[in-house]
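Within every chain, numbering begins at 1; the chains are lettered A, B, ... in the order of the sequence lines, protein sequences first and strands thereafter. The analysis underlying the following values was restricted to heavy atoms, covering all of them including side chains, and did not include hydrogens, waters or symmetry mates. Since the model is a prediction, treat every value here as computed from it, not as a measurement.
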Number of protein chains: 2
Amino acid sequence: MENHIIVAEDHPLFRAALQTALQQALNTPEVTEADTIAALQGALESDANPDLVLLDLNMPGAHGFSGLLYVVGQHPKVPVVVISAQDDEAVIRKAINYGASGFIPKSSSMDVIKSAIQGIINGEKWIPDNVDMSKEAGQEKSEIEEKIATLTPQQFRVLGMISEGMLNKQIAWELNISEATIKAHVTAIFRKLGVRSRTQAVIALQQLELEGSDNSQNNQQPPISNS
Amino acid sequence: MENHIIVAEDHPLFRAALQTALQQALNTPEVTEADTIAALQGALESDANPDLVLLDLNMPGAHGFSGLLYVVGQHPKVPVVVISAQDDEAVIRKAINYGASGFIPKSSSMDVIKSAIQGIINGEKWIPDNVDMSKEAGQEKSEIEEKIATLTPQQFRVLGMISEGMLNKQIAWELNISEATIKAHVTAIFRKLGVRSRTQAVIALQQLELEGSDNSQNNQQPPISNS
DNA sequence: ACCATTGCCACACCATTGTATGGGCCGGAC
DNA sequence: GTCCGGCCCATACAATGGTGTGGCAATGGT
């Protein structure tokens, strides 16, 4: 069988390793590589129904889970496997809750990666088995996450550039479209995100990244008793 | 002896607990409380030479280590003890490298806190003893961190408000000064940070928070099999 | 006492941002 | 087919953002 796989992975070495794993795990797969979120978007526009997307978190152009949220938001039918160097239980659970079909830690061995890919291609879920997915399975997406998933591809690109500090003028030049159009996109993005300035937009995006790092002082009162 | 201590801590319960610890650890200390970075700044302007500052990370008005950086930048002689719910080794080492005189995890018992305070008042350093500070002791501050330390108190306040998405006009109203003055501050801040827009300024600030969470692929186990 | 430095402030001026309105071109869904 | 929605573009306008210039007061070194 011929499978089309999109590999969205920043690090060239690891991308090559994934290539090898795919060649061995599948029969003559057709692999498209993407090293940025923009490239991933391009690949999904060429073929909106790949059999699988391997997605690294923390790619250039994305922040935290925003890349995953975008893909599952725009292409709900496409199975996405998250590949990440971070393998906290919280990160894994979050990825699955946001619609990923699986999670493969970068520390996995080649054999593990191969079997994971084969399983997922056949419609299974796949996660490291030392993770307990049962508890708290029913988390919801936060506000901002749902909103990001409603952005159109172009809007998502523009938002990414805004959150890199670029001016409307620069974005227009980079995308080869007029500044007037950029402004139109920007206004649309603000409406969807519920903010009123580009500064607030990048602040909203930061929230995304911090949410995973859990923690802290939710309700932990001081452990003090005293004399 | 009369000691003047500033307690900068957001959570009221914990602030009260620290009060108790201070009363017991020291002889009739004079304690000033601050629940925001702005309040801490005010306290430091009233008395620029307190004997000790207890500083919680993640206070309203600060982001990550920016509060610590500001205090040590503007008041290098004042000993600062960081108090935090996060007690990762990386966070602790970072705090010390940025000029903190000690680190007290929020999970510490009352006795530990008392002895820590007593030690630091006497000029010692104090860190949890399960942390190995020897390795990599000579880290340097990153670009952005050094820059933040050069901000004036007012500039620091303004930067904090910018990174909360406020307009110049709103900031002016909040600080009871004219918008023109805010703009002057903003321009000065940008120069010091090396950025050209408020958006880039908040992006620069995010870098600060992410730097600690590094660690990436230190996992070499291939511990997986599958679903 | 003098000067240099630094923070604070205000006015004038230009650049950027954000919105509204209106239009044209597609491709997919009904 | 028609309708809808994304994408593109333009004009005009109001608001906000950012800089240059200069003035004032306080500080600290000489």
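Spacing between atom CZ of A:Phe190 and atom P of C:dT19 amounts to 7 Å, rounded to whole angstrom units. Atom P of nucleotide C:dT6 and atom NE2 of B:His185 are separated by 16 Å, given to the nearest angstrom. One can place CG of B:Leu151 at 11 Å from P of C:dC8, the figure rounded to the nearest angstrom. Here C:dT17 presents its C1' atom at 15 Å from CD of B:Gln200, a figure rounded to the nearest Å. Taking atom CD of residue A:Gln154 and atom C1' of nucleotide C:dC26, one finds them 15 Å apart after rounding to whole Å.
Nearest nucleotide to the A:Lys169 side chain, out of C:dG18, C:dC8, C:dT16: C:dT16.
Contact annotation for B:Pro153: no contact, since no heavy-atom pair falls under 4.0 Å across all strands. When heavy atoms are screened at a 4.0 angstrom cut-off, A:Arg157 is found touching no nucleic acid atom at all.
With A:Glu9 contributing its side chain and A:Asp56 its backbone, the two residues share no donor-acceptor pair below 3.5 Å. Put simply, the side chain of A:Glu179 never gets that close to the backbone of A:Ala172: no donor and acceptor are under 3.5 Å apart. For B:Arg198 (side chain) and B:Met166 (main-chain N/O), a donor-acceptor pair under 3.5 Å exists by modelled atom type. For the pair A:Lys192 (side chain) and A:Thr150 (backbone), a donor-acceptor distance under 3.5 Å is present.
OP1 and OP2 of C:dT16 both lie 4.0 Å or more from every side-chain N or O belonging to A:Asn168. Applying the 4.0 Å criterion to OP1 and OP2 of C:dG18, one finds that A:Arg196 has every side-chain N and O outside that range. Residue B:Thr152 places at least one side-chain N or O under 4.0 Å from the OP1 or OP2 atom of C:dC8.
Looking at residues two or more places apart in sequence or on another chain, you find a side-chain contact (heavy atoms from CB on, under 4.5 Å) between B:Pro50 and B:His4, B:Ile6, B:Leu44, B:Asp47, B:Val53, B:Val78.
When each of A:Leu55, A:Leu18, A:Ile83 is tested with A:Val7 by the rule side chain to side chain contact (heavy atoms under 4.5 Å, CB included), just one qualifies, namely A:Leu18.
Here the closest non-hydrogen pair linking A:Ile104 and A:Ala116 is CD1-CB, 3.7 Å. Contact detail for B:Phe190 and B:Ser197: the closest heavy-atom pair is CZ-C, 3.4 Å.
Bounding nucleotides for the chain B contact on DNA chain D, 5' to 3', at a heavy-atom distance below 4.0 Å, are D:dT16 to D:dG20.
With a cut-off of 3.5 Å on both pairing distances, the Watson-Crick or G-U wobble partner of D:dT30 is C:dA1.
For the segment residues 171-184 of chain B, residues with any heavy atom less than 4.0 angstrom from an atom of DNA chain D are, sorted by number, B:Lys183.
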query = Passes salt bridge (charged side-chain N to carboxylate O under 4.0 Å, His left out), B:Glu174 versus B:Arg157? Steps please.
reply = CA-CA 11 Å; B:Glu174 189 92 22; B:Arg157 268 186 285 261; over 6 Å; no
